[in-house]
Amino acid sequence: QHDSLATKYRSSELVKPEAAAKASEYFSKAIELANKYKYTEAENYFDKCIAIDHKSYEPYFNRGVCKTHLHDYESAILDFNKSMDLYRTGPFMFALYFRGYCYNKLSHFDLAISDLTSAIDMGTSADIWAERGYAYLETNDYQNAVSDYTSAIALNPANIEWFGSRAICQYKIHHLKEAVEDADKYLAKHPESADIIEIELRAKYEMKDYPGALVLAQELVELRKTKLTYYYKGMIEFYLTQYKEAIEDFSLAIKLDVNYRDAYYCRGLSYLGLNDDANACPDLLKANKTGFPGLEGKIQKYCKDYLEK
């Protein structure tokens with residue numbers, strides 16, 4: 001975020017006027033380059049500024065921002081540390097935000113939450129709320145993640161990405177209606193996002209909205225032809241009593257995994273739905289053999305004649 005850069009250089013008291021003027025020149029050039037997304041070149045000019053004046057916080061902070069954009073997160077953290085050491089009142093909001101962002105990128109989520117919480121205590125920013133929401137999501141604290149994404153969206157509802165992240169969290173805490181609403185907003189802009197389609201599909205399936213779930217399942221298998229996507233589609237078709245279609249999809253799942261016990265079991269049930277015990281029994285027996293629990297009663301009920309042949 002370029003608007004987060006410190007745009008004014010304040011020389012430290014130990015730097016002589018001529019040297020301070022040169023440092024200011026390097027600082028201004030670095031800002032110009034950073035605003036043109038030339039972060040490597042900008043970093044070099046901040047290096048020159050720091051070589052002259054290593055007691056001013058602004059060049060360290062800005063160099064940390066450049067390193068963040070260059071994905072050099074560990075080195076960026078060192079610069080944010082230094083900038084906060086030099087800042088007259090200690091840690092400041094944007095340094096905490098960027099350091100928290102870097103911690104998230106390095107999967108140090110507890111450290112990220114700590115920094116971002118301190119930043120939130122200092123001021124309001126949609127990006128900071130969302131960044132902490134991401135850390136909560138990654139640590140499976142979905143309730144707090146929903147709360148933070150909601151705060152971020154309230155401040156900046158134009159950021160559609162946050163609706164996608166909140167949809168995942170809403171589903172995880174079984175807020176199914178809310179998950180569908182957030183997923184719809186996200187998919188209106190990103191219609192080929194398989195992950196969010198899957199979230200909405202599962203939410204609608206659990207809400208027993210099988211026609212709606214089937215539409216999503218059809219979209220998902222176009223994007224991901226996996227055993228799981230075929231299984232999803234087959235399950236929905238089964239509950240819609242579309243047994244022939246379900247059998248086709250369970251068969252496609254089994255083709256991708258010949259030991260897919262759940263698909264054998266559900267294909268067996270689909271055959272039973274068609275009163276086709278001759279095909280149902282081999283599937284139920286295969287499911288039982290591959291570890292599907294509790295099938296003895298069904299096998300005895302439907303497959304007695306098959307087993308006696």
Side-chain angles (χ1 to χ4, degrees), residues 1-7 9 26-27 29-51 53-87 89-142 144-145 148-149 151-152 155-156 159-162 164-166 168-169 195:
Q1 295 186 0
H2 302 143
D3 57 0
S4 297
L5 290 169
T7 55
Y9 162 70
Y26 289 142
F27 186 89
K29 182 64 176 178
I31 292 288
E32 177 187 336
L33 290 165
N35 286 332
K36 294 177 180 177
Y37 309 99
K38 298 180 178 180
Y39 298 115
T40 300
E41 295 91 331
E43 182 183 339
N44 291 335
Y45 274 95
F46 285 128
D47 287 344
K48 293 179 180 181
C49 180
I50 290 167
D53 185 358
H54 62 278
K55 293 292 185 179
S56 176
Y57 85 91
E58 295 96 341
Y60 286 103
F61 172 74
N62 287 353
R63 188 173 69 176
V65 173
C66 291
K67 289 176 178 178
T68 301
H69 284 291
L70 293 168
H71 307 156
D72 185 4
Y73 302 118
E74 291 183 351
S75 184
I77 287 169
L78 296 177
D79 276 347
F80 295 132
N81 291 346
K82 187 68 175 178
S83 72
M84 289 189 279
D85 288 342
L86 293 171
Y87 192 63
T89 58
F92 56 99
M93 185 176 75
F94 281 114
L96 288 165
Y97 163 62
F98 275 103
R99 190 172 70 177
Y101 175 89
C102 291
Y103 281 138
N104 266 344
K105 289 296 186 181
L106 295 169
S107 299
H108 299 323
F109 301 117
D110 289 345
L111 293 173
I113 289 168
S114 177
D115 271 358
L116 296 164
T117 300
S118 296
I120 287 167
D121 289 342
M122 295 179 181
T124 298
S125 165
D127 290 327
I128 300 174
W129 283 110
E131 198 61 35
R132 192 176 70 172
Y134 172 76
Y136 282 132
L137 187 159
E138 288 295 317
T139 53
N140 303 328
D141 185 350
Y142 301 114
N144 273 322
D148 278 1
Y149 281 122
S151 295
L155 293 168
N156 182 13
N159 192 317
I160 299 300
E161 306 303 317
W162 298 337
S165 298
R166 191 172 67 175
I168 295 169
C169 300
D195 289 339

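These numbers come from the heavy atoms of this one structure, side chains and all, not from hydrogens, waters or symmetry mates.
- Taking every heavy atom of both residues into account, L106 and E74 meet most closely at CD1-CG, 3.7 Å.
- Looking at every heavy atom in both residues, A119 comes nearest to M93 through O-CG, 3.6 Å.
- At least one donor-acceptor pair under 3.5 Å links the side chain of S118 to the backbone N or O of S114.
- To the nearest 0.5 angstrom, D53 atom CG is 9.0 Å from E58 atom CD.
- Residues Y45 and F27 place their aromatic rings such that the two centres sit no closer than 6.0 Å.
- Between I31 and N62, the shortest heavy-atom distance links the atoms CD1-ND2, 3.4 Å.
- Residues Y73 and C102 share a closest heavy-atom pair of CD2-SG, 3.8 Å.
- Here the side chains of W129 and T124 are in contact, with some heavy-atom distance below 4.5 Å.
- Shortest non-hydrogen contact noted between N144 and D141 is ND2-OD2, 2.9 Å.
- Applying the salt bridge (charged side-chain N to carboxylate O under 4.0 Å, His left out) rule to K82 yields no partners; only residues at least two apart in sequence or on another chain are considered.
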L116 and N104: CA distance, side-chain angles, deciding distance, side-chain contact (heavy atoms from CB on, under 4.5 Å) verdict:
CA-CA 10 Å; L116 296 164; N104 266 344; 4.2 Å; yes
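- Side-chain rings of F92 and Y57 approach one another, their centers coming within less than 6.0 Å.
- Checked against the 6.0 Å centroid criterion, the rings of F80 and F61 qualify as a close aromatic pair.
- In this structure, Y101 and Y97 have tilted ring planes: the angle between them lies in the 30° to 60° band.
- For L137 against S165, the heavy-atom pair with the smallest separation is CD1-O, 3.9 Å.
- The OH atom of Y39 lies 10.0 Å from the OG1 atom of T68; values are rounded to the nearest 0.5 Å.
- In this structure, OH in Y134 is found 15.0 Å from CG in D127, a value given to the nearest 0.5 Å.
- Side-chain contact between L5 and N35 is present, with heavy atoms from C-beta onward closer than 4.5 Å.
- Not counting sequence neighbours, the partners of E32 by the salt bridge (charged side-chain N to carboxylate O under 4.0 Å, His left out) test are K29, K36.
- We find the CG-CD distance between L70 and E43 to be 6.0 Å, quoted to the nearest 0.5 Å.
- Taken from OG in S151 to CD1 in I120, the straight-line distance is 7.5 Å, to the nearest 0.5 Å.
- Taking CD from E131 and CZ from F98, the interatomic distance works out to 10.0 Å, rounded to the nearest 0.5 Å.
- Evaluation of the salt bridge (charged side-chain N to carboxylate O under 4.0 Å, His left out) rule for D85 yields no partner, not counting sequence neighbours.
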side-chain contact (heavy atoms from CB on, under 4.5 Å) between L96 and M84: does it pass, once the steps are laid out?
CA-CA 9 Å; L96 288 165; M84 289 189 279; 4.0 Å; yes
